[in-house]
**Q** 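Below you'll find the structure I mean.
Letters A, B, ... mirror the listed sequences (proteins, then strands); counts begin at 1.
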Amino acid sequence: MFQAPKGTYDVLPGSAFLAVRDGLLEPARLAGYGYVEAPVFEDTELFARGVGASTDVVSKEMYSFTDRGGRSLTLRPEGTAGVVRAVLEHNLHKGQLPVKVRYAGPMFRAERPQAGRYRQFQQSGVEAIGLTDPALDAEVVALAWEAFQRLGLRQVRLLMTSLGDPACRPAYREELTAYLAGLDLDEATQERARINPLRVLDDKRPELQALLTSAPLMVDRLCADCKAHHEAVAAGLEALGVPFERAPRLVRGLDYYMRTTFEFLHDGLGAQSAVGGGGRYDGLSESVGGPPLPGIGWALGIERTLLALEAEGVTVPADSGVQVFVVPLGVAAKAWAVGFVGQLRARGIASDLAYGDRGLKGAMKAADRSRARWAVVVGDRDLDGSVAQLKDLTNGEQTAVPLTDLLEHLS
RNA sequence: GUGGGUGUAGCUCAGCUGGUAGAGCACCGGGUUGUGAUCCCGGUUGUCGCGGGUUCGAGCCCCGUCACUCACCCCA
């Protein structure tokens with residue numbers, strides 16, 4: 001027997017998957033973010049240059065392959081690079097700004113699976129491209145916050161900081177590197193300090209955090225523009241009523257982030273506690289060969305959101321099932337039932353019928369499990385009298401209704 | 001890539017110092033020749049993850065292997 005490949009899973013009937021995927025984007029839809037869908041695979045270089053060759057995501061987690069034309073392609077490890085590519089390719093940035101888009105779909109990273117971490121995982125995301133207006137940062141962050149709230153989550157925390165920009169980050173980075181060089185670090189940590197010193201700051205180990213208490217922080221070294229932007233975003237969030245915590249050691253694993261950076265955490269998930277994250281990526285367009293084009297966005301993890309809902313005991317309605325279930329008795333009734341269900345569905349009434357010629361008792365059980373409000377029981381003796389038995393499954397009351405009036409009763 | 005844990009029915013699990021595999025739920029049928037959700041009765045489902053070894057005999061002990069899982073790392 002085959003089983004789903006390592007790190008993948010199947011969405012099965014009864015899952016809240018669709019409701020969560022679309023629910024996470026509902027506030028964005030209401031805010032004018034149009035739907036986009038980019039390919040699941042792209043030119044490998046797009047991710048190498050966009051996400052950053054030194055990141056873990058690119059250097060050891062990409063699913064890359066060569067196609068029959070000799071091109072190097074990669075299953076997308078994240079959504080932003082592809083969306084920015086699509087915006088540039090179709091010149092959307094030459095129209096009115098900002099370009100506001102939303103998307104959802106599978107991402108791929110070759111990591112060791114664990115709770116809330118898959119090799120094929122799903123994200124819902126938004127991007128607002130073309131402006132550096134801090135009010136836009138606040139809107140984007142608030143859209144994610146609202147999405148979690150409207151799904152019923154109450155224990156999501158928002159962490160925010162600023163990563164500076166090319167005017168102030170290089171000097172800070174040097175300062176931090178010099179600071180870290182003065183510490184007694186193990187080999188693996190030294191290597192990380194060399195590749196991306198900022199990442200050492202959010203190491204989970206308490207003994208390392210103890211060493212870092214006096215480390216210099218980016219938020220204390222922001223240039224005037226970055227500082228003004230950062231405070232304007234904070235003011236915007238306060239105005240929108242979105243609570244956040246300042247997290248000066250927050251770091252993201254994708255190179256393109258700068259200035260506003262944020263993460264949504266949930267404590268009920270185990271070690272993978274981030275349910276979403278994002279930030280500003282003003283340099284991304286240029287690094288993939290486009291014009292200067294600022295942008296900000298986020299991606300929320302659908303699987304982790306499902307875990308968070310479970311942890312909080314919140315049930316999100318899955319498929320609603322059918323409203324009417326028809327139970328035919330006998331050959332003539334079966335033929336009538338097939339036609340009648342067709343009429344119901346044509347009117348937009350979700351309906352099903354008992355297949356498989358089971359006994360009446362079994363068919364009624366099927367009706368019960370379909371969660372239908374109404375059962376329509378029809379046998380040859382009913383057809384002879386041109387009636388059907390209409391049963392309200394919520395209270396068990398049953399009445400004979402003329403066939404000609406049946407659609408009326410169920411509409 | 002590095003550690004730890006676990007693999008028995010569709011699901012959740014029990015199975016004693018080694019002696020021919022169980023429960024609950026689910027599913028199917030009957031009690032009601034045309035009525036579900038409750039109740040009662042009956043029934044189906046297993047290469048005990050896989051391969052080897054020890055033994056008269058292995059679900060149980062040993063070795064290997066695969067899968068799943070949790071954590072590090074990283075991130076959604």
**Q** Would you say the side-chain atoms of A/Asp137 and A/Thr260 include a donor-acceptor pair closer than 3.5 Å?
**A**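 Present: a donor and an acceptor within the cut-off.
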**Q** Do NZ/NE/NH1/NH2 and the carboxylate oxygens of A/Arg259 and A/Asp165 come within less than 4.0 Å?
**A**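 Answer for the salt bridge query: yes.
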**Q** Between A/Glu111 and A/Arg117, does any side-chain N to carboxylate O distance fall below 4.0 Å?
**A** yes
**Q** Can you tell me how the ring of A/Tyr281 sits relative to the ring of A/Tyr256, calling it parallel under 30°, perpendicular over 60° and tilted otherwise?
**A** perpendicular
**Q** Is B/A9 paired to anything, Watson-Crick or G-U wobble with both distances less than 3.5 Å, and if yes, which nucleotide?
**A**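 Per the H-bond distance test, none.
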**Q** For A/Leu269 and B/A76, what is the distance between atoms CG and P respectively, to the nearest whole Å?
**A**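 After rounding, the gap between these two atoms is 14 Å.
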**Q** So which nucleotide from B/U35, B/C74, B/A76 ends up closest to the side chain of A/Met364?
**A** B/U35
**Q** Counting only distance, no hydrogens or angles, is the base of B/C73 paired donor-acceptor with the side chain of A/Arg117 under 3.5 Å?
**A**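 Indeed there is one.
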**Q** Identify the pairs formed between an N or O of the protein and an N or O of nucleotides 26-29 of chain B at a distance under 3.5 Å, and give each distance.
**A**
{"residue": "B/C27", "atom": "OP1", "partner": "A/Arg369", "partner atom": "NE", "Å": "3.2"}
{"residue": "B/C27", "atom": "OP1", "partner": "A/Arg369", "partner atom": "NH1", "Å": "3.4"}
{"residue": "B/C28", "atom": "OP1", "partner": "A/Arg358", "partner atom": "NH2", "Å": "2.8"}
{"residue": "B/C28", "atom": "OP2", "partner": "A/Arg369", "partner atom": "NH1", "Å": "3.3"}

**Q** Using atom C1' in both nucleotides, what's the gap between B/A21 and B/U54 to the nearest angstrom?
**A**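 Rounded to whole Å, the distance is 23 Å.
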**Q** Picking from B/G34, B/A76, B/G36, which would you name as closest to the side chain of A/Gln389?
**A** B/G34
**Q** Any salt bridge between A/Arg150 and A/Glu146, counting N to O under 4.0 Å?
**A**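 Looking at A/Glu146 together with A/Arg150, the answer is no, because their closest N to O distance does not fall below 4.0 Å.
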**Q** Quick one: which of B/G34, B/A76, B/C74 gets closest to the side chain of A/Gln272?
**A**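 The answer is B/C74, which lies nearest to the side chain.
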**Q** Hey, is A/Asp56 close enough to A/Arg199 for a salt bridge, meaning N to O under 4.0 Å?
**A** yes
**Q** Look at A/Arg373 together with A/Asp392 and state whether they make a salt bridge at an N to O cut-off of under 4.0 Å.
**A**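 Yes, this pair counts.
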**Q** Salt bridge check, A/Glu245 against A/Arg157: does any charged N sit closer than 4.0 Å to a carboxylate O?
**A**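 The answer is yes: the pair qualifies as a salt bridge.
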**Q** Measuring only the P atom in each nucleotide, how far is B/G19 from B/A58? A whole number of Å is fine.
**A** 11 Å
**Q** Which nucleotide sits closest to the side chain of A/Asp382: B/C73, B/G34, B/A76?
**A**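 Taking heavy atoms from C-beta onward, the closest nucleotide is B/G34.
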**Q** What nucleotide among B/C74, B/G34, B/A76 has an atom nearest to a side-chain atom of A/Arg199?
**A** B/C74
**Q** When rounded to the nearest Å, what value does the distance between C1' atoms of B/C60 and B/U55 take?
**A** 13 Å
**Q** Let me know the distance between CG of A/Asp352 and P of B/G36, rounded to the nearest Å.
**A**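 That distance rounds to 19 Å.
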**Q** Does A/Glu286 pair with A/Arg49 as a salt bridge, N-O distance under 4.0 Å?
**A**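 No salt bridge links A/Glu286 with A/Arg49.
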**Q** Any donor-acceptor pair, under 3.5 Å, between the side chain of A/Lys391 and the base of B/U35, if you only look at N and O atoms?
**A**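 Pair found.
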**Q** I need a per-nucleotide contact map over nucleotides 65-70 of chain B, read 5' to 3'. Cutoff is protein heavy atoms under 4.0 Å; write B for the base, S for backbone only, - otherwise.
**A** --SS-S
